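Because the structure is predicted, anything quoted here is derived from the model rather than measured. Labels below follow one simple rule: chain letters A, B, ... track the order of the sequence lines, proteins then strands, and each chain is numbered from 1.
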Amino acid sequence: MFRTCLKQVPINGGIEIRLLIDDKEFQAAGPAEAEKLLKQKGAFAIIVNGEPKDLSFIQSVPADSTVQGLTFESKEGKAIYRHSTAHILAHAVKELFPDAKFAIGPAIEEGFYYDFDVHQPFTPENLEAIEKRMLELIKKNTPFKRKEMSRAEALETFFRLGETYKVELLESMQDETVSTYEEGGFTDLCRGPHVPATGAIKAVKLLSVAGAYWRGDEKRKMLQRIYGTAFASGKDLKKYLELLEEIKKRDHRRLGRELDLFSINEEIGAGLILWHPNGAIIRKTIEDFWRDEHMKADYKLLYSPHMARLDLWKKSGHWDFYRENMYSPMEVEGMEYEIKPMNCPFHIAVYKTGLKSYRELPIRYAELGTVYRFERSGVLHGLMRVRGFTQDDAHIFAREDQIGEEIKKILDFTLFILNTFGFENYDIYLSTKPEKYVGTEENWKISTDALKAALDYKGLKYEIDPGEGVFYGPKIDIKVKDSLGRAWQCSTIQVDFNNPERFDVTYRGDDGKERQPIMIHRALMGSLERFFGILIEHYAGSFPLWLSPVQVDVLTIAERHIDFAREVACALRQEGVRAEENFENEKIGYKIRQSAMRKVPYSVIIGDKEVEDGGAALSLRKKSGEAIGPFTLSALIDLLKQEIKIRR
RNA sequence: GCCCAUGUAGCUCAGUCGGCAGAGCACAUCCUUGGUAAGGAUGAGGUCACCGGUUCGAUCCCGGUCAUGGGCUCCA
């Protein structure tokens, strides 16, 4: 991380500037020298008193201001750099497509985009041409010039240019004064700041083109959005493009096919998953682990049906608040039934089958419950966004005085489960009251505070997500960071004081009176389908031993080794190790390659040597190619069982 | 749902400017019995997503449907 700090200190009537660069001090005799130094250090913009400004603003920095130089290393610097690149993109488009109208072109997390209104959608060839023109504009190194004007003046200017989108933007603005930036004859409405000149941009790549609604509103015009990215050096850009390649290689849809894990079948329907044997065994392993741990944590397991009467969903409020994600009801003997989008009403029904005492609480019901939700066809995506999926759901009924403790337990439990799957970094969000909600203000406050308190107690860092809570209560969401650093939303912990009320859920208090428990909904992995997809990408299909569909391949050198090899494979299977046989009429090198391609963690090779000594000295070949051993058969079994047990 | 692109063998992809469709891998059979990431030969496999139109003739051109992919949150 590189940052430059400088402070103006008036001395002897003149101005001397003190530069702090990486905690080292530099002296500058005036703004001109300061600017030079900043440029030398790679700064292309500054922050003055917290406000981002053009580098040239250094000339007019008021005395006693704190000034920070921005380079590509900082988040703000990246955004400015890429925003400038977006303007160069717009300029290039203007030159090649003079009729194009300009919408917006912000920097985004990994790059930038610009939305255009053009008669013909851009083609990949167009993109190449535009990128080429951008490089030419960069080479010219023309300066970005800032100009300030009244909003009325800007409105007139852009109206005259026929820039209807800019006019609309200006109309929706409050500011009296606005700014434009001009570079090489191309002017764009922009708050800035920008890099000093186009030549500051060292590496650009246009990535894709897609449709995007004006202002994200599907009722408005579909514009053409060009995505691109920019980096401080060609080397960094190359690294980023390699990361994109790596992401492509890990794509769970591709690995799912290659490793024969799952498929989606057009005839069956979009967004519905077929788990193949290799995927199913992974799911079984995950489910077994999940159930065992829930039993240890004093949860009770449930099973519930896939559909229920529509009245139930009306009572639960789902029909009012969640209908757009539910399928149309089906008629059964004149009564309407609905395929379930959630499991909660069933768990409540189980709770209500008997009178509950305060002594019994908290009651924790857990279910791997399969639900169906309507997702628009355009948003479906492999295992990540589907229409039928299994939630690792649980509902906890607790007394008010137990909520804090219970949330802490859930947090611990969640992190333990996620950790087991190799996720060690998380982004945690606390979502507060949304626009559409039920329940009282007071209830919302109590439960939001309880969630907050639990997070603080655990010392977990989190961000507040205002208005993102569910209609029935606030929630904690946990996003896991995968091995490529990407964040995936999995776990959710939601407080609910709505359903107990609606369903009249009660328990008998210590004073003999009826009281209402508070319900907590929670899912750790979220959806098994999606979690599986995340795991595939996280491990790049190379699962740890405990999850691997095939744990050991037993390979033979020649036909005469088959009988003994079969004994070895059987012995492994008897001990619960997933061992497969490859006795094909192929050379050993070929069989090893087959195992490696299928990402089987271990191979055992059986030849004359092994048959002769009766398996007293077996070597294991790891999928990396490394050989370990020799082991006796029983030592090998112990080794594998141990590694499976520790889930590594 | 909307915009754009794509849909050819199990997989990855050629190809036909309209004339009965091709490769590599995978699969099958045979030869080879080979010690740590691809031995050889032969063969089978396709209603060119589906429906309709134009045409003497459509996998190719046109229209529709379905599916898949990129996006539709990041505010001058």
Side-chain angles (χ1 to χ4, degrees), chain A residues 79 82-83 86-87 90 102-115 118 120-124 126 151 154 158 163 165-173 175 178-181 187-192 207-227 248 251 253-254 257-258 260 263-271 324 374-382 468 555-562 583-598 603-610 619-627:
Chain A
R82 287 169 171 162
H83 184 198
H87 275 256
F102 298 82
I104 57 169
I108 52 176
E109 209 161 306
E110 302 283 340
F112 61 86
Y113 68 77
Y114 210 115
D115 285 345
V118 281
Q120 291 282 320
F122 294 118
T123 65
N126 291 156
R151 196 159 63 97
F158 285 100
E163 292 292 354
Y165 298 95
K166 299 293 180 189
V167 168
E168 193 182 323
L169 285 169
L170 280 162
E171 278 169 347
S172 65
M173 275 184 235
D175 322 54
V178 300
S179 58
T180 62
Y181 277 81
T187 302
D188 200 355
L189 179 68
C190 184
R191 178 163 46 202
L207 296 169
S208 62
V209 56
Y213 297 106
W214 169 231
R215 297 198 147 176
D217 181 350
E218 60 186 83
K219 290 188 186 68
R220 310 193 67 169
K221 186 156 187 187
M222 174 78 60
L223 306 176
Q224 289 293 308
R225 173 171 298 179
I226 295 179
Y227 283 94
K248 229 174 169 178
D251 191 314
R253 293 164 298 187
R254 172 190 183 138
R257 194 169 46 235
E258 285 173 3
D260 201 10
S263 64
I264 299 167
N265 185 320
E266 197 176 322
E267 272 186 277
I268 288 165
E324 58 187 30
F374 172 68
E375 298 280 1
R376 300 196 296 175
S377 58
V379 304
L380 298 174
H381 181 90
E468 286 300 307
L555 314 179
T556 46
I557 300 285
E559 241 175 80
R560 62 180 176 280
H561 308 125
I562 289 178
F583 303 160
E584 256 180 61
N585 182 8
E586 285 293 349
K587 291 194 174 179
I588 192 64
Y590 185 78
K591 294 190 203 179
I592 283 167
R593 181 163 197 276
Q594 284 183 313
S595 295
M597 299 305 268
R598 289 162 56 223
S603 303
V604 180
I605 293 159
I606 306 295
D608 285 339
K609 202 153 55 78
E610 285 76 13
S619 316
L620 267 188
R621 188 187 197 281
K622 291 192 180 186
K623 64 186 155 191
S624 60
E626 187 193 342

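Remark: the backbone N or O of A:Val178 is not paired with any side-chain donor or acceptor of A:Arg151 at under 3.5 angstrom. Without hydrogens or angle criteria, A:Glu218 side chain to A:Tyr213 main chain gives no donor-acceptor distance under 3.5 Å.
The minimum heavy-atom distance linking A:Lys166 with A:Ala103 is given by the pair NZ-O, 2.8 Å.
Of the nucleotides present, none pairs with B:rU36 by Watson-Crick or G-U wobble criteria with both distances under 3.5 Å. Look at B:rA14: it lacks any Watson-Crick or wobble partner with both distances under 3.5 angstrom. Across all strands shown, B:rC60 has no partner, as no Watson-Crick or G-U wobble contact with both distances under 3.5 Å is found. Judged by Watson-Crick or G-U wobble contacts below 3.5 Å, the nucleotide B:rA28 has B:rU42 as its partner.
Two residues are said to be in side-chain contact when any heavy atoms from C-beta on lie closer than 4.5 Å; A:Tyr113 and A:Pro106 meet this criterion.
Along RNA chain B, the nucleotide closest to A:His381 and the one closest to A:Gln594 are compared, and the more 5′ of them pairs with A:Gln594. Comparing A:Glu610 and A:Leu223, the nucleotide of RNA chain B nearest to each residue sits closer to the 5' end for A:Leu223.
Phosphate proximity of B:rG39 to A:Tyr590: absent, as no side-chain N or O sits under 4.0 Å from OP1 or OP2. Residue A:Arg253 has a polar side-chain atom (N or O) positioned under 4.0 Å from OP1 or OP2 of B:rG69.
Across B:rA58 and B:rC20, the matching C1' atoms stand 12 Å from one another, rounded to whole Å. Separation of the P atoms belonging to B:rC48 and B:rG22 is 14 Å when rounded to the nearest angstrom.
Residue-to-nucleotide contacts include a donor-acceptor pair under 3.5 Å from the side chain of A:Tyr213 to the base of B:rG1.
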